[in-house]
Amino acid sequence: MSQNVRVRFAPSPTGKLHIGGARTAIYNWAFARANGGTFILRIDDTDPTRSTEENTQIILRAMRWLGLDWDEGPEVGGAAGPYAQTERLPLYREAAERLLAEGKAYPCFCTPEELEADRRAAKERKDPFQGYQRRCRNIPADEARARMEAGEPYTIRIKVPEDRGDVVINDAVHGTVTFAAKELDDFVIFRSDGTPTYNFATVVDDAAMGITHVIRGDDHLSNTPRQVMVYEALGAPVPVFAHISMILGTDGKKLSKRHGATSVEEYRDAGYLSDAFVNYLSLLGWSLDGETTIIPRDVLASRFSLDRISKNPATFDPKKLDWMNAEYINAMTNDEFIEKLLLPALVQQGLMDADPAVGVDGAWMDKLAAIVKPRTKLAGDIAGICAPIFATASSLVYDEKSVAKGLAKDGMGTILDAARVALGTLPADEWEAAKIDAALEPLPDALELKKRVVFQAVRVAVCGNLVSPPLGETMELIGRDDCMARIERARTMAL
RNA sequence: GUCCCCAUCGUCUAGCGGUUAGGACAUCGCCCUUUCAAGGCGGUAACACGGGUUCGAGUCCCGUUGGGGGCACCA
């Protein structure tokens, strides 16, 4: 890539940043980074009725969370600004007037009704060409000017050159795509209300901003020949296109609200790690080598390439995302885990003082992290795992089913009594996992019961649940006195 | 309707004329184990269909079927 790569992500602030948009942003960003290029963020808000400032902020926030830093765009500025289309209106007008003056575009006075009638007629006579019938294309220039000056409403249409042959697009992912010349339409570039249409504004901007590669969704592929017409009329070089396939829901249908979470912020709030999320999304339609699945963002930023983008539409698989998130969590050091996930979760649950300096025993915290980390798939799991540990003998919530299955049975009281005695021999300063385990270890034989039954009973007594992290570790963290008190309390539930 | 795109395990994909069709998620089994995780080992599972081209086709060509997208004074 010898030229200076300039790419852009240009979302419309008509909604939140969704998964598909996020992936497009990631690809653009990664491509720029891998080629020492410039990544531009532009807000395509030419549709004032659906665009909102609030959505723009949501998108910027999502981009920051994803860690996709832009070199030019809102808040950082740049030489090619401004970076919101509503602030570039004069540029579009200027460009349209130039095309008008050069005879590369013309005013169209057709009313919506006339156009609709033409469309219907074309459909009825099964005309292979269903586009604009070019009624106004040959109105003499002076007549057109007179009607415009008289205040007659008009749109501006691009004039597809008579001799323009087929439009051949060389797409970086699809290869050569040909659109027949007869399909080309004199489409509207300026509305009668004086605003530019998307296909025009985008090209004017991309040309003005020197965009070299347009990486965007497949849904724009059919628009591309139209846009090529604009580039040519403008006399601007046509960029390289890379059309990436859509992301589908688990049912193979286009991703929508009914597939559950579709916006980036929902994933952020659900407790996914930005790194894992970006890694997962980058692999939806791209591969490094077909083998590697864990791809840290710095590798993505150095190894991303257009030629390894897949043509297939991809189905979003939440299960794999979950796995990847757990993978990233597990790869964290204990300290990282404590700082980024454990502490914040505990503080949020009110289990810990907001001031991290208060009441945190480093060694204790490290042991907690060691048992919580491998059990955490999502940040949201932490509170549930920690709850029994942070409870007290009186506040601990006993799970009904667990009590019924593991505690409220004949002979269980005997187990608790034996456990209390065994643990009672352990001095407070020797209350550690290995010694707790050792103290409990002879019980099954002594009581002539299965290991499982014995430990189940103690587990439910101490943790309130049949499921918990390893007993010894857990009991060490809970502390001697509280464990004894819990067993005491549980004794009343056992028979 | 018309134009364009797409087609390998359930899912994401590797493959770029000769492979026991590879990896990952999911799933199943085993090991570890006092429960749950984590980890280790192993299994099930795919070239949509039909024609060509070729000594040889998952790979190239055509068609069919099936999905998706565009065809607006929406982006």
Side-chain angles (χ1 to χ4, degrees), chain A residues 10-12 14 44-47 49-51 85 108 110 112 115-116 119 123 126-132 153-157 169 171 173-174 177-180 182-183 185 187-193 195-199 201-202 217-226 243 245-246 248 250 252-254 280 283-294 308 310-324 326 330 371-377 381 385 402 406 437 440-441 444 450-460 463 465-472:
Chain A
S12 295
T14 54
D44 278 8
D45 53 358
T46 43
D47 181 2
T49 56
R50 294 194 297 152
S51 299
Q85 291 192 321
C108 168
C110 295
L115 294 172
E116 181 53 36
R119 254 194 298 272
K123 202 169 182 180
K126 297 209 165 83
D127 191 325
F129 181 71
Q130 304 268 326
Y132 177 59
Y154 66 95
T155 60
I156 300 175
R157 289 183 181 272
I169 292 153
D171 190 280
V173 348
H174 293 282
V177 183
T178 307
F179 294 86
K182 63 175 162 65
E183 303 296 331
D185 188 17
F187 67 97
V188 173
I189 59 172
F190 244 82
R191 303 184 188 103
S192 54
D193 66 356
T195 59
T197 59
Y198 165 78
N199 280 128
T202 300
D218 239 353
D219 47 340
H220 290 286
L221 187 51
S222 299
N223 280 328
T224 308
R226 263 189 269 282
H243 286 99
S245 62
M246 318 247 74
L248 310 175
T250 326
K253 296 264 158 56
K254 195 176 169 184
Y280 176 72
L283 247 21
L284 227 47
W286 175 80
S287 63
L288 180 59
D289 53 19
E291 306 281 295
T292 315
T293 47
I294 299 298
R308 290 199 67 87
S310 159
K311 296 192 249 209
N312 310 11
T315 302
F316 186 83
D317 179 8
K319 287 249 184 70
K320 191 159 185 175
L321 207 212
D322 286 351
W323 166 80
M324 193 163 286
N330 244 321
I371 64 171
V372 176
K373 189 159 66 105
R375 291 172 175 74
T376 306
K377 268 193 155 45
D381 300 340
I385 299 169
S402 295
D437 284 335
L440 259 17
E441 205 257 313
K450 282 187 185 157
K451 265 184 167 182
R452 189 189 170 96
V453 174
V454 173
F455 284 95
Q456 256 182 351
V458 179
R459 184 183 312 283
V460 175
C463 300
N465 203 292
L466 234 24
V467 174
S468 85
L471 250 189

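Throughout, protein chains are lettered first and strands after them, A, B, ... in sequence-line order, and every chain is numbered starting at 1.
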Could you tell me how far [M] sits from [N] if I compare only their [atom1] atoms? Round to whole Å.
| N | M | atom1 | answer |
| --- | --- | --- | --- |
| B:rA14 | B:rA46 | C1' | 13 Å |
| B:rC60 | B:rC73 | P | 39 Å |
| B:rC62 | B:rC6 | P | 12 Å |
| B:rG58 | B:rA7 | C1' | 11 Å |
| B:rG68 | B:rC28 | C1' | 33 Å |
| B:rC47 | B:rA38 | P | 31 Å |
| B:rA75 | B:rG70 | P | 14 Å |
| B:rG63 | B:rG42 | P | 46 Å |

So if I take every side-chain heavy atom of [X] and compare against [options], which nucleotide ends up nearest?
| X | options | result |
| --- | --- | --- |
| A:R119 | B:rC73, B:rG69, B:rC6 | B:rC73 |
| A:M246 | B:rG69, B:rA75, B:rC4 | B:rG69 |
| A:S222 | B:rC73, B:rC5, B:rC4 | B:rC4 |
| A:V188 | B:rG70, B:rU34, B:rC73 | B:rC73 |
| A:D44 | B:rU35, B:rC4, B:rA75 | B:rA75 |
| A:P374 | B:rA37, B:rC6, B:rC12 | B:rA37 |
| A:E183 | B:rC3, B:rU34, B:rA75 | B:rC3 |
| A:N330 | B:rA38, B:rU34, B:rA75 | B:rA38 |
| A:H174 | B:rU34, B:rC5, B:rG69 | B:rC5 |

Starting at [atom1] of [X] and ending at [atom2] of [N], how long is that distance when rounded to a whole Å?
| X | N | atom1 | atom2 | result |
| --- | --- | --- | --- | --- |
| A:D171 | B:rG69 | CG | C1' | 14 Å |
| A:F455 | B:rU33 | CZ | C1' | 11 Å |
| A:L248 | B:rG69 | CG | C1' | 11 Å |
| A:L283 | B:rG23 | CG | P | 16 Å |
| A:H220 | B:rC71 | NE2 | C1' | 15 Å |
| A:L284 | B:rC12 | CG | C1' | 7 Å |

What contact category does [X] fall into here, base, sugar-phosphate, or nothing, at under 4.0 angstrom with non-hydrogen atoms?
| X | result |
| --- | --- |
| A:F179 | sugar-phosphate |
| A:L466 | base |
| A:S287 | sugar-phosphate |
| A:P11 | nothing |
| A:G131 | nothing |
| A:T178 | sugar-phosphate |
| A:N223 | base |
| A:T46 | sugar-phosphate |
| A:D437 | base |
| A:P225 | nothing |
| A:P444 | nothing |

**Item:** Pairing nucleotide - B:rA24, Watson-Crick or G-U, each distance under 3.5 Å
**Value:**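 Because both required distances fall under 3.5 Å, B:rA24 counts as paired with B:rU11.
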**Prompt:** B:rC16 pairs with which nucleotide, Watson-Crick or G-U wobble, both distances below 3.5 Å?
**Reply:**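 Checking every strand shown, B:rC16 finds no partner, since no pair has both distances under 3.5 Å.
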Given [N], is OP1 or OP2 found less than 4.0 Å from the side-chain N or O atoms of [X]?
| X | N | value |
| --- | --- | --- |
| A:N312 | B:rA7 | yes |
| A:T315 | B:rC12 | yes |
| A:H243 | B:rC5 | no |
| A:N199 | B:rA75 | no |
| A:R308 | B:rG15 | yes |

**Pair A:N199, A:T197: side-chain N/O donor-acceptor within cut-off below 3.5 Å** =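 No donor-acceptor contact under 3.5 Å links the two side chains.
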**Asked** Side chains of A:T292 and A:D289: donor-acceptor distance under 3.5 Å anywhere?
**Response**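 The criterion, which ignores hydrogens and geometry beyond distance, is satisfied for A:D289 and A:T292.
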**Message:** Which is more 5' along RNA chain B, the nucleotide nearest A:D289 or the one nearest A:V467? Just name the residue.
**Reply:**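 In this pair, the answer is A:D289.
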**Item:** Base-contact (B) and sugar-phosphate-only (S) positions in nucleotides 24-31 of chain B, heavy-atom cut-off under 4.0 Å, - elsewhere
**Value:** BSS-----
**Request:** Look at the side chain of A:S402 and the backbone N and O of A:V460, then say whether any donor-acceptor pair between them is shorter than 3.5 Å.
**Result:**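 Side chain of A:S402 to backbone of A:V460: no pair is present.
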**Prompt:** Say you draw a straight line from CZ of A:R226 to CZ of A:F187; how long is it, rounded to the nearest 0.5 Å?
**Reply:**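 It comes to 6.5 Å.
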